[in-house]
Asks: 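This is the structure, below, for whatever I ask next.
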Amino acid sequence: ILNVEQSPQSLHVQEGDSTNFTCSFPSSNFYALHWYRWETAKSPEALFVMTLNGDEKKKGRISATLNTKEGYSYLYIKGSQPEDSATYLCAFIKAGNQFYFGTGTSLTVIP
Amino acid sequence: DTEVTQTPKHLVMGMTNKKSLKCEQHMGHRAMYWYKQKAKKPPELMFVYSYEKLSINESVPSRFSPECPNSSLLNLHLHALQPEDSALYLCASSQDLAEAGEKLFFGSGTQLSVL
């Protein structure tokens, strides 16, 4: 069993607050780390694919960093909006196209 | 068209029934995946097809039988399921294998209940 841990499990923030969550994964056999956003009643949607240690990716108000040596990735949301409310999943990909998802962080942005 | 379409959206079946879940994409993706997700758990990989050939089977019981008739279609045939198989079944596709840095495109899933 390969553990991919996300914290916190859930988060409530006020509109306009900035927030961040963590994804922890094994530091060996690393191929890629993905972040997905999953809104209720919709399909999970890819946010970022990160492959290199030190990678930083940005999409609007959302950004992510990657540290493969210590096995963690951070997702940051600046100025949270109600439409950011969703579950954020990370997935660790190792050799052989094996995906391991974390349990997700459920974000609720309160207007 | 950037959609992965899954049918049906909901399915209720008895333990003696045979049913199939369907997944379709027209993005020219060469890898397709089946995932199973139980409530409050992460999605678990079941099967991966690459270029229409089964490349990964994550020790899934034989009551689940995948089929990839062509590069756009992926089926999951269900037979003699157990109540504990009740879950959300997600299909996904990627341009190539995800270890090449490709992201997954997901369908909205089939919510399966086994009575």
Side-chain angles (χ1 to χ4, degrees), chain A residues 1-10 21 23-26 28-53 55 57 59 62 64 66 68 73 86-106, chain B residues 1-7 9-10 21 23-25 27 29-51 53-60 87-111:
Chain A
I1 295 176
L2 189 147
N3 282 327
V4 179
E5 296 184 359
Q6 290 188 246
S7 61
Q9 259 191 334
S10 66
F21 347 118
C23 174
S24 301
F25 52 86
S28 58
N29 295 318
F30 175 88
Y31 259 71
L33 191 286
H34 293 197
W35 281 101
Y36 291 84
R37 174 169 58 202
W38 195 355
E39 294 179 66
T40 304
K42 293 189 177 180
S43 315
E45 177 192 355
L47 289 171
F48 303 114
V49 172
M50 308 175 80
T51 55
L52 297 175
N53 184 44
D55 253 356
K57 300 269 184 171
K59 186 177 181 179
I62 305 177
L66 178 67
T68 60
S73 176
T87 296
Y88 291 82
L89 286 169
C90 69
F92 166 75
I93 295 90
K94 60 184 277 193
N97 203 43
Q98 297 174 68
F99 269 75
Y100 298 90
F101 278 91
T103 47
T105 291
S106 174
Chain B
D1 183 2
T2 57
E3 277 196 355
V4 176
T5 305
Q6 285 188 245
T7 55
K9 291 197 183 309
H10 303 274
L21 308 185
C23 175
E24 192 167 0
Q25 56 86 15
M27 295 178 278
H29 288 178
R30 305 319 300 252
M32 296 186 77
Y33 311 74
W34 279 115
Y35 284 86
K36 172 183 175 180
Q37 196 207 17
K38 308 259 300 172
K40 300 192 188 301
K41 298 279 188 183
E44 293 177 15
L45 183 64
M46 300 175 73
F47 302 105
V48 181
Y49 273 82
S50 175
Y51 292 83
K53 291 193 188 320
L54 183 65
S55 60
I56 295 178
N57 176 341
E58 290 284 341
S59 303
V60 180
L88 179 70
Y89 289 83
L90 286 163
C91 174
S93 69
S94 62
Q95 180 66 39
D96 205 322
L97 291 177
E99 66 186 24
E102 300 288 341
K103 63 185 179 183
L104 296 181
F105 289 76
F106 280 92
S108 53
T110 295
Q111 188 66 53

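Per chain, numbering begins at 1; letters A, B, ... match sequence-line order.
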Asks: Which pairs count as side-chain hydrogen bond (donor to acceptor under 3.5 Å, both in side chains) when at least one residue sits in residues 36-45 of chain A, sequence neighbours excluded?
Replies: A:His34-A:Tyr36

Asks: If I measure from the heavy atoms of chain A, does B:Glu58 come under 4.5 Å with its side chain, its backbone, both, or neither?
Replies: side chain

Asks: Looking at residues at least two apart in the chain, or sitting in another chain, which of them share a side-chain hydrogen bond (donor to acceptor under 3.5 Å, both in side chains) with B:Glu24?
Replies: B:His26

Asks: Go through A:Gly102, A:Gly104, A:Ser106 and name the one with the most non-hydrogen pairs under 4.5 angstrom from chain B.
Replies: A:Gly102

Asks: Looking at B:Lys9, I'd like to know if its NZ atom is crowded, meaning that more than 12 non-hydrogen atoms belonging to other residues, nucleotides or ligands lie closer than 6.0 Å.
Replies: no

Asks: With under 30° as parallel and over 60° as perpendicular, where do the rings of A:Phe21 and A:Tyr88 fit, or are they tilted in between?
Replies: tilted

Asks: Pick one of side chain, backbone, both or neither for B:Gln6, based on which atoms fall under 4.5 Å of a heavy atom in chain A.
Replies: neither

